[in-house]
Amino acid sequence: MNGVGFALGALASAATALALARVASRVGLADDPSAAPHRKLQDRPVPAIGGPAILVGLLAIECAGGSPVGGAGPWFALVLAFTLGVADDRTRGGLPPIALLLGQAIVATALVASGWRLCAGDPNPALVASLAAVVVTLNAVNTFDNADGAATSVGILGLAVGPAALAGPLVGFLPFNLCSAAPGRRGVPIAYLGNSGSHLLGVLLVLDPVARFALLVPLLDLARVAFVRLAAGTRPWVGDRRHLAHRMQRAGLAPALVAAILVAIAAPAVITAAAARDGGLVVGLGVLASTLLFALAVRFTPSVD
């Protein structure tokens with residue numbers, strides 16, 4: 001079913017993105033650059049429809065008997081994450097940080113209540129770690145979605161070596177996402193992943209013990225920009241253009257190449273996790289390799305003030 005599910009998810013996601021791209025502005029699902037002109041590159045609103053596209057793709061797999069998510073509990077958490085993201089997308093300037101954090105905590109509680117845990121062991125530490133992991137993951141993927149195709153591509157890597165069918169909806173959406181650097185072009189409509197999409201992707205990645213290794217690069221990027229913002233005297237949750245993808249854009253790299261480099265940085269951690277599912281030295285070396293590649297990419301790209 002993996003191959004069929006993958007294809008169904010990709011087709012359903014692409015069809016949904018194609019349909020919604022025409023009406024996104026009318027239903028309040030468009031990223032308006034005037035809300036944050038200091039960090040928005042587009043010159044007009046761009047449909048933020050990745051969440052609906054991915055959700056429809058997942059539903060198509062489920063209806064075909066693929067059961068990609070693993071039960072009613074995770075599905076409930078996914079729907080909550082999607083709903084939170086839609087509320088954030090539809091609010092000019094986004095939800096207040098406290099409201100967004102509260103919503104993410106509710107998503108985490110729903111996922112943990114379904115029986116999911118980040119790790120085995122003593123129930124209380126595992127419970128706390130699981131709740132914290134979901135909240136951190138949602139923030140990491142949300143902030144990593146700052147360049148065309150970045151979060152989508154890294155998400156495809158993680159899901160493709162984990163529950164492969166789940167990568168289908170992201171693959172179907174990726175062409176629309178990579179076109180978003182050119183809002184005036186004809187042909188494939190442009191679209192952003194949006195907060196509904198990034199929140200969905202965060203839950204999908206954290207659910208699987210292999211796919212979650214794709215979160216290493218978003219987590220490193222979030223930690224680095226938080227440190228840089230604090231050092232500059234700004235609040236760590238206030239967006240800017242200091243992320244690694246922004247540095248690569250400053251170096252003149254095309255969107256597709258930026259996404260490809262980010263996937264290459266994440267690949268050692270994800271591939272070794274898939275090859276040695278029980279963990280150990282091999283996985284540790286993969287994580288170390290991805291961390292070093294991330295550090296090198298930061299070192300050899302120009303800073304963005």
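Keep in mind that the numbers below use all heavy atoms, side chains included, and drop hydrogens, waters and symmetry copies.
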Under 3.5 Å donor-acceptor, [X] side chain and [Y] backbone:
| X | Y | answer |
| --- | --- | --- |
| Thr272 | Pro268 | yes |
| Ser290 | Ala269 | yes |
| Asp89 | Ala87 | no |
| Ser114 | Leu111 | yes |
| Asp145 | Ala151 | no |
| Ser130 | Arg117 | no |
| Arg247 | Val298 | yes |
| Thr234 | Arg229 | yes |

Can you get from [X] to [Y] by hopping between Ile, Leu, Val, Met, Phe, Trp and Tyr side chains that sit under 4.5 Å apart?
| X | Y | result |
| --- | --- | --- |
| Leu58 | Phe76 | yes |
| Phe82 | Phe173 | yes |
| Val225 | Phe144 | no |
| Val283 | Val154 | yes |
| Val263 | Phe213 | yes |

Going from [atom1] on [X] to [atom2] on [Y], what distance comes out if it is rounded to the nearest 0.5 angstrom?
| X | Y | atom1 | atom2 | result |
| --- | --- | --- | --- | --- |
| Leu216 | Asp221 | CG | CG | 11.0 Å |
| Ile49 | Ser13 | CD1 | OG | 9.0 Å |
| Thr83 | Asp88 | OG1 | CG | 12.5 Å |
| Thr137 | Asn142 | OG1 | CG | 12.0 Å |
| Leu11 | Thr16 | CG | OG1 | 10.5 Å |
| Leu78 | Leu200 | CG | CG | 6.0 Å |

With a 4.5 Å cut-off on side-chain heavy atoms, are [Y] and [X] touching?
| X | Y | value |
| --- | --- | --- |
| Ile61 | Pro169 | yes |
| Leu138 | Val107 | yes |
| Leu170 | Leu201 | yes |
| Asp208 | Leu166 | no |

For [X] versus [Y], what's the shortest heavy-atom pair and its separation?
| X | Y | answer |
| --- | --- | --- |
| Arg250 | Pro302 | CG-CG, 3.5 Å |
| Ser196 | Gly51 | OG-CA, 3.2 Å |
| Ile261 | Met248 | CG2-SD, 3.7 Å |
| Phe294 | Ile265 | N-CG2, 3.7 Å |
| Leu207 | Trp116 | O-NE1, 3.6 Å |
| Gly149 | Leu178 | CA-CD2, 3.8 Å |

For residues 251-260, tabulate all N or O donor-acceptor pairs below 3.5 Å that involve a side-chain atom, not counting sequence neighbours.
none

Could you list the donor-acceptor pairs under 3.5 angstrom formed between side-chain atoms of residues 95-106 and any protein atom two or more places apart in sequence or on another chain?
residue	atom	partner	partner atom	Å
Gln104	OE1	Asn139	ND2	2.8
Gln104	NE2	His199	NE2	3.3

Test side-chain contact (heavy atoms from CB on, under 4.5 Å) applied to Arg26 - qualifying residues, sequence neighbours left out | Val23
Using side-chain contact (heavy atoms from CB on, under 4.5 Å) as the criterion, list what pairs up with Ala14, not counting sequence neighbours.
-> Phe176
For residues 151-172, which residue pairs qualify under side-chain hydrogen bond (donor to acceptor under 3.5 Å, both in side chains), counting only residues two or more places apart or in two chains?
-> Thr152-Asn177
Partners passing salt bridge (charged side-chain N to carboxylate O under 4.0 Å, His left out) against Arg212 (at least two apart in sequence or in another chain) = none
Heavy atoms of other groups near Arg90 CZ, more than 12 under 6.0 Å | no
